[in-house]
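Report on one structure; see the data block that follows.
Only heavy atoms go into these numbers, but all of them, side chains included; no hydrogens, no water, no symmetry mates. Predicted model, so just to flag it, every value in this text is computed and none were measured.
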Amino acid sequence: MAGLADSGSNPDVDLLYDINGLAKDAPHWFDRVMEFVGEWGLLLVMVLLVLWCWWNVRRRGGDDAASSVASLIWAPLAAGVAVLVNVPIRGFVERPRPFVDHEGLEVLIGGKSDYSFVSDHSTLMMAMGVGLFVANRKFGLVGIGLALLGGFCRIYMGVHYPTDVVGGFALGTAVVLLLSPLATALLMPVVKAVERSGRVGWLVRADRSAGAREKAIPGSRSDVDPAERDLAA
């Protein structure tokens, strides 16, 4: 199988060796950075990006705040659903990790004894990136970029074939887009109820909490009769 990379007859294996070969030429400290980034770092950044997007959506408010927040909630939920869908796929395909069948790979992280197709990390990252894109295009483009970088890292680390990563991207995207209408229909009533709440409405729109406080303060401008405001003027 390793000879296929030399002959170029298998583009998947050929690209695996080309990308993973970069790890052999890189400094040791850089490989350690890529190991952390590819295993945990980018996932953490993606979660922080979702929280940042939520903060901006609720602060901006507007009539579309509820739908945007519902889409943001769906992003991590879709990632979880996609990983669950991947469980039977992995069991059916039963593709070993690349370092099992191919010699000479620079494997940066050990303990990977499960099957390779499709990549859980790539599935998670792309599902959250596409989910972000549905909620907010600017944040979504950043999220998709992070997912692409994460997929590259998995190949660089020697734990996935390129097709494992592409398969993860496809699975994550499909779950988000295909189930989005159903998820939105189920989440919107809940988010709308939260938005109307005086106590937790700030989770959807920041101006909801401000308005609630203003109404609760006796003598506030919203509590004064318009005729009295005219006389005062």
Side-chain angles (χ1 to χ4, degrees), residues 12 15 19 34 37-60 62-90 92-93 95 115-157 159-192 194 203-204:
D12 194 24
L15 188 58
I19 295 177
M34 290 292 283
V37 169
E39 189 72 8
W40 302 109
L42 288 174
L43 285 173
L44 176 60
V45 173
M46 185 70 80
V47 171
L48 294 176
L49 186 65
V50 172
L51 292 175
W52 186 12
C53 184
W54 162 75
W55 184 263
N56 276 269
V57 166
R58 63 169 291 276
R59 186 179 60 181
R60 186 183 69 244
D63 296 334
D64 62 339
S67 60
S68 296
V69 171
S71 297
L72 284 173
I73 295 174
W74 171 233
L77 290 178
V81 172
V83 171
L84 290 177
V85 172
N86 188 29
V87 172
I89 294 176
R90 279 192 166 194
F92 177 76
V93 178
R95 186 184 202 182
Y115 294 122
S116 185
F117 185 90
V118 296
S119 167
D120 279 340
H121 276 73
S122 300
T123 302
L124 277 168
M125 294 282 288
M126 188 56 74
M128 295 184 72
V130 174
L132 265 174
F133 186 81
V134 173
N136 184 290
R137 289 190 177 183
K138 180 177 68 175
F139 281 90
L141 288 174
V142 176
I144 291 173
L146 289 175
L148 294 174
L149 177 59
F152 176 84
C153 289
R154 303 306 289 176
I155 305 170
Y156 182 96
M157 294 162 62
V159 294
H160 279 295
Y161 293 94
T163 48
D164 298 337
V165 171
V166 173
F169 290 163
L171 177 59
T173 301
V175 168
V176 172
L177 298 182
L178 292 178
L179 298 182
S180 181
L182 175 62
T184 301
L186 294 175
L187 289 171
M188 276 298 291
V190 178
V191 175
K192 284 288 189 181
V194 172
L203 289 170
V204 180

Is the shortest side-chain heavy-atom distance between Met128 and Val50 below 4.5 Å?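 In contact.
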
Given side chains that start at C-beta, do those of Met125 and Leu42 come closer than 4.5 Å, heavy atoms only? yes

Under the 3.5 angstrom rule, does the side chain of [X] hit a backbone N or O of [Y] as a donor-acceptor pair?
X	Y	value
Asn136	Leu132	no
Trp54	Val69	no
His121	Gly150	no
Arg154	Gly38	yes

Ion pair check, Asp164 and Arg95, cut-off under 4.0 Å: yes

Go through it in stages, so that I can follow the logic: the residues are Trp74 and Thr184, the test is side chain to side chain contact (heavy atoms under 4.5 Å, CB included), and I'd like the CA-CA distance, side-chain angles, deciding distance and then a yes or no. CA-CA 8 Å; Trp74 171 233; Thr184 301; 5.7 Å; no

Residue pair [X] / [Y]: nearest heavy atoms and the distance that separates them:
X	Y	value
Ala78	Val175	O-CG1, 3.7 Å
Ala82	Gly172	CB-CA, 4.3 Å
Met157	Met34	SD-O, 3.9 Å
Ala79	Leu124	CB-CD2, 3.5 Å
Ala127	Val176	O-CG2, 3.2 Å

By side chain to side chain contact (heavy atoms under 4.5 Å, CB included) - contacts of Ile89 (at least two apart):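 Ile89: side chain to side chain contact (heavy atoms under 4.5 Å, CB included) contacts with Val85, Asn86, Val93, Phe117, Leu171.
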
Do Ser122 and Val118 pass the side chain to side chain contact (heavy atoms under 4.5 Å, CB included) test, and can you show the C-alpha distance, the side-chain angles, and the key distance before you say yes or no? CA-CA 8 Å; Ser122 300; Val118 296; over 6 Å; no

What's the spacing between [X] [atom1] and [Y] [atom2] if we round to 0.5 Å?
X	Y	atom1	atom2	value
Leu148	Cys153	CG	SG	11.0 Å
His160	Ser119	NE2	OG	3.5 Å
Leu49	Leu44	CG	CG	11.0 Å
Trp55	Leu48	CH2	CG	14.0 Å
Leu43	Asp120	CG	CG	10.5 Å
Thr173	Phe133	OG1	CZ	11.0 Å

Apply side chain to side chain contact (heavy atoms under 4.5 Å, CB included) to residues Tyr161 and Ile155 and explain how you reach the verdict. CA-CA 6 Å; Tyr161 293 94; Ile155 305 170; over 6 Å; no

Output, in order, the C-alpha distance, side-chain angles, deciding distance and verdict of side chain to side chain contact (heavy atoms under 4.5 Å, CB included) for Asn56 and Trp52. CA-CA 6 Å; Asn56 276 269; Trp52 186 12; 2.9 Å; yes

